[in-house]
2 protein chains.
Amino acid sequence: MPVAKAVKKAAAVRAAKRPRIGEPTAKKAAPARAQKLQNTRLAILESALSHFARRGFQGASTREIAQTAGVRHGMIRHIYGSKDELWREVIGFLFERMNAEMPAVVVNPENQDDIVYWKKWVRWYIGYSARHPDHGRLMVQQSILQGPQLEWAAEQFIRSRHLWHFPAIERMKANGHLPDVDTVSLFFMINAACQMIYVLAPEIKAVDGRDVFDPREIEKHIDAVFVTFLR
Amino acid sequence: MPVAKAVKKAAAVRAAKRPRIGEPTAKKAAPARAQKLQNTRLAILESALSHFARRGFQGASTREIAQTAGVRHGMIRHIYGSKDELWREVIGFLFERMNAEMPAVVVNPENQDDIVYWKKWVRWYIGYSARHPDHGRLMVQQSILQGPQLEWAAEQFIRSRHLWHFPAIERMKANGHLPDVDTVSLFFMINAACQMIYVLAPEIKAVDGRDVFDPREIEKHIDAVFVTFLR
DNA sequence: AACATCATTATCCACTTGGATAGCGACAAT
DNA sequence: ATTGTCGCTATCCAAGTGGATAATGATGTT
């Protein structure tokens, strides 16, 4: 196959819509062909998330990612073009899944009391962090790495999330419901309090023998965050 | 050189005492020969810390580590025997340096009021985390990785640190000075509150444009931790 | 001055890495 | 039934990996 055609083809595959989480398998009934591709894409994304989160970008091998996904490593290049692009798609997938798992009551704070809403959000976010500890792990890897990838992620996903939370935090500070300290510090403390215990779960298991993913432990941790920050 | 002799030699080099931080270049005046070796060891350790912290264990390359340290990669094998052993030495180096930077008033809580001591500890620990953000980064990499390396680190360094802090935390909880929540949750929240903002400094820079290492920002963050946890 | 030590390197090795290319072969369209 | 599409793989490649070996040459010892 001539080079030009091959490149064009790869671009087309890449442009194809990535598997959407919530979408109810739209229309008619997708041709088996397309459905299979979507399954493969999803398998690769989940495998890549797991490997990237644990080993970092350079430490993860596309061959291992492919093996976990049940395909040959050529498939990754076929679909995503490069390891860099796969990394970006994984981060996109991560936030899409997060949004998809967010219940309406958390997405939309309207007409809810600030404290009630904050508690709902914390409860949901801790559950999410316990369900998907690799989210926090990947974001830590991303943030440590610096470079243009981080700029891109900040621009694309992280900044909007920060800005979305800041007004509510400041309102609650003003009303005396959260400690009256620097907003960025406070946001990071709350965020870390919610997810780091799950990111570092293997350490806690090794040191204290505790399984932080036990539902009762999760409930205790939710309470700990409430009591610590809320006033 | 026969194999047996080479192995014996490497073991001897490895067994030689690693550079101690506080030690005042003891006795007489070390022969230039030994001094140079110590310098090289230190350069490799610091370079390795930086690379491991950012890229993780598998992601860091011994050749790049050596280059940053100004030597050829054979030197690493000569001194440390293997990449695994280098990783372990780096972690040992990290905690040794941490202990060396700990002032007496933080090492020894005797005869100090709990609150006063806790504030001194937090202030020192935040300063340390800001001075050496790679400490937190490496420990996150270590904890995420699981496997026997984590067991070793937990046994060797982490557990004793946890156990050392727990009694004071429980006493302060009992006296109403810290939120009355699960001790492990509380310890992790305090720990994360102190160091994660520096571990994730590149993210904050990219998202909010803030330099968390600015001394005034550090002071604000210390205050934030005080106000949030202390009561 | 001659010798021995040893910090350091050059160089080789088998293996893995991300990427590129050229298919194959099950499906879909006619 | 024939043909073309395209999901997927086999296979090659240059570059990089951690490790092993033997040498070098400045330093220290006699």
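Each chain gets a letter, A, B and so on, in the order the sequences are listed, and its residues count up from 1. Bear in mind that the values here come from a model prediction, so they are computed numbers and not experimental data.
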Hey, can you tell me if B:His165 and B:Phe187 have their rings parallel, tilted or perpendicular (30° and 60° cut-offs)? tilted

Could you give the [atom1]-to-[atom2] distance, from [X] to [N], as a whole number of Å?
X: A:Gln67; N: D:dT9; atom1: CD; atom2: P; result: 12 Å
X: A:Gln35; N: D:dC8; atom1: CD; atom2: P; result: 11 Å
X: A:Gln38; N: D:dG7; atom1: CD; atom2: P; result: 10 Å
X: A:Met75; N: C:dT21; atom1: CE; atom2: C1'; result: 15 Å
X: B:Arg41; N: C:dC6; atom1: CZ; atom2: C1'; result: 14 Å
X: B:Ile76; N: C:dA10; atom1: CD1; atom2: P; result: 15 Å
X: A:Arg55; N: D:dT17; atom1: CZ; atom2: C1'; result: 15 Å
X: A:Arg72; N: C:dG18; atom1: CZ; atom2: C1'; result: 17 Å

Looking at A:Lys83 and A:Ala60, would you say the former's side chain and the latter's main chain have a donor-acceptor pair under 3.5 Å? yes

Determine whether a donor-acceptor pair (N or O, by modelled atom type, separation under 3.5 Å) exists between the side chain of A:Thr40 and the backbone of A:Lys36. yes

Taking protein heavy atoms under 4.0 Å as touching, what does nucleotides 25-30 of chain C look like 5' to 3' if B marks base contact, S marks sugar-phosphate-only contact and - marks none? -BBS--

Here's one to test your reading of the geometry: is the NZ or CZ of B:Arg41 within 45 degrees of the ring axis of B:Tyr80 and under 6.0 Å from its centre? yes

So which protein N/O to nucleotides 12-17 of chain C N/O distances come out below 3.5 Å?
residue, atom, partner, partner atom, Å
C:dT17, OP1, A:Ser61, OG, 3.3

Kindly point out which of C:dT9, C:dT8, D:dG7 is positioned nearest to the side chain of B:Val71? C:dT9

From the list D:dG7, C:dT8, D:dG19, which nucleotide is the closest neighbour of the side chain of B:Lys36? C:dT8

Which residue in the set B:Cys194, B:Ser129, B:Pro103 passes side-chain contact (heavy atoms from CB on, under 4.5 Å) when paired with B:Trp124? B:Pro103

Only one of A:His162, A:Arg161, A:Glu151 passes side-chain contact (heavy atoms from CB on, under 4.5 Å) with B:Val207; say which it is. A:His162

Measure the CZ-CD1 distance between A:Phe213 and A:Ile204 for me, rounded to the nearest 0.5 Å. 8.5 Å

All N/O donor-acceptor pairs, side-chain side in residues 135-150 of chain B, below 3.5 Å, sequence neighbours left out:
residue, atom, partner, partner atom, Å
B:His135, ND1, B:Tyr128, OH, 2.6
B:Arg137, NE, B:Val199, O, 3.0
B:Arg137, NH1, B:Asp134, OD1, 3.0
B:Arg137, NH2, B:Tyr198, O, 3.2
B:Arg137, NH2, B:Val199, O, 3.3
B:Gln141, OE1, A:Gln141, NE2, 3.2
B:Gln141, NE2, A:Gln141, OE1, 3.2
B:Gln141, NE2, B:Ala53, O, 3.2
B:Gln142, OE1, B:Trp87, NE1, 3.0
B:Ser143, OG, A:Glu203, OE1, 2.5
B:Ser143, OG, B:Met139, O, 2.9
B:Gln149, NE2, B:Asp84, OD2, 3.2

Flag the pair B:Leu86 / B:Phe52 as yes when at least one side-chain heavy-atom distance between them is below 4.5 Å, and no otherwise. yes

